[in-house]
Peer 1: 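This is the structure, below, for whatever I ask next.
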Amino acid sequence: MKKILAAAALVGLSATAAFAAPEKYVLDSSHSQIVFSYNHLGFSTGVGMFSGFEGEIMFDQEDPANSSVSVSMPLNSMLTGWQARFDHFMSADFFGAEGDEQITFTSSKIEVTGDTTAHITGDLTLNGVTKSVVLDATLNQVGDHPMAGKPWAGFDATTTLVRSDYGLGKFAPYVGDEVSVQISVEAMKAE
């Protein structure tokens, strides 16, 4: 009898696992941002931000390693707090941007490192160069949004980029070549 119960339990678990699949969440652009910072000549820390970008997360709560993320944003959505700095970043010294360039990130692997943490490896395309990067990510919360009344998820992540790897090394090493990146996103379950 014990063998029959064990077999039935295994069949039940297998059936449940077969139906579990990642669910699509779309970024809440109004509550998602990327903040970057760099050393400016040893005198100060320069800071900028991207906000209002788009993306989706295929989120598997039961097996987070089975999740994925894809994000894109227009380069010209960068905020620097000073128009002359933004104009310099868009100039030939850095991006040589013409207005429609996109920054993209697409995950290729998620390694769960704790109950709410993971390393997300993916391809970052910046300034026409694609490199593999690893995001040190944390799941902040999953639950019903108190105002929207639907499932919501929030994540934070960090990484460090070497800007010269992306052809953006002007003035290095005087202006720091390493750029610290902090990401915070909210995403709502797609309908």
Peer 1: Using a 4.5 Å cut-off on heavy atoms from C-beta on, say whether the side chain of Val181 contacts that of Ile34.
Peer 2: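 They are in contact (side-chain heavy atoms under 4.5 Å apart), so the answer is yes.
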Peer 1: Do Met78 and Met73 have side chains that get closer than 4.5 Å, going by heavy atoms?
Peer 2: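 No - every pair of side-chain heavy atoms lies 4.5 Å or more apart.
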Peer 1: Enumerate the residue pairs fulfilling ring pair (Phe, Tyr, Trp, His ring centres under 6.0 Å) with a member in residues 104-141, sequence neighbours excluded, ordered by first and then second residue.
Peer 2: none
Peer 1: Between Asp156 and Ser184, is any side-chain donor less than 3.5 angstrom from a side-chain acceptor?
Peer 2: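 Ser184 and Asp156 do have a side-chain donor-acceptor pair below 3.5 Å.
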Peer 1: Does a side-chain N-to-carboxylate-O contact under 4.0 Å join Lys131 and Asp165?
Peer 2: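 Salt bridge absent between Lys131 and Asp165.
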Peer 1: Any side-chain heavy atom of Leu168 within less than 4.5 Å of one from Phe89?
Peer 2: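 Side-chain contact under 4.5 Å: no.
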Peer 1: Can you list everything that forms a ring pair (Phe, Tyr, Trp, His ring centres under 6.0 Å) with His40? Sequence neighbours excluded, please.
Peer 2: none
Peer 1: Classify the ring geometry between Phe36 and Phe50 as parallel (under 30°), tilted (30 to 60°) or perpendicular (over 60°).
Peer 2: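 Taking Phe50 first and then Phe36, their aromatic rings sit tilted (interplane angle of 30° to 60°).
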Peer 1: Residues two or more places apart in sequence or in another chain: which of them pass salt bridge (Lys or Arg N to Asp or Glu O under 4.0 Å) with Glu191?
Peer 2: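 Result, salt bridge (Lys or Arg N to Asp or Glu O under 4.0 Å) vs Glu191: Lys150.
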Peer 1: Have Thr130 and Asp123 got a donor and an acceptor in their side chains that come within less than 3.5 Å?
Peer 2: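 No, Asp123 and Thr130 have no side-chain donor paired with an acceptor closer than 3.5 Å.
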Peer 1: Got Glu23 and Phe59 here, is their nearest side-chain heavy-atom distance under 4.5 Å?
Peer 2: no
Peer 1: Is there a side-chain contact between Leu124 and Thr104 (heavy atoms, below 4.5 Å)?
Peer 2: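 No; the side chains remain at least 4.5 Å from each other.
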Peer 1: Look at the rings of Phe171 and His88 and say which category their plane angle falls in: under 30° parallel, 30 to 60° tilted, over 60° perpendicular.
Peer 2: tilted
Peer 1: Let me confirm one number: the OG-CD1 distance from Ser32 to Ile183, rounded to the nearest 0.5 Å.
Peer 2: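 That separation rounds to 10.5 Å.
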Peer 1: Answer yes or no: is there a side-chain heavy-atom contact under 4.5 Å between Pro22 and Ser67?
Peer 2: no
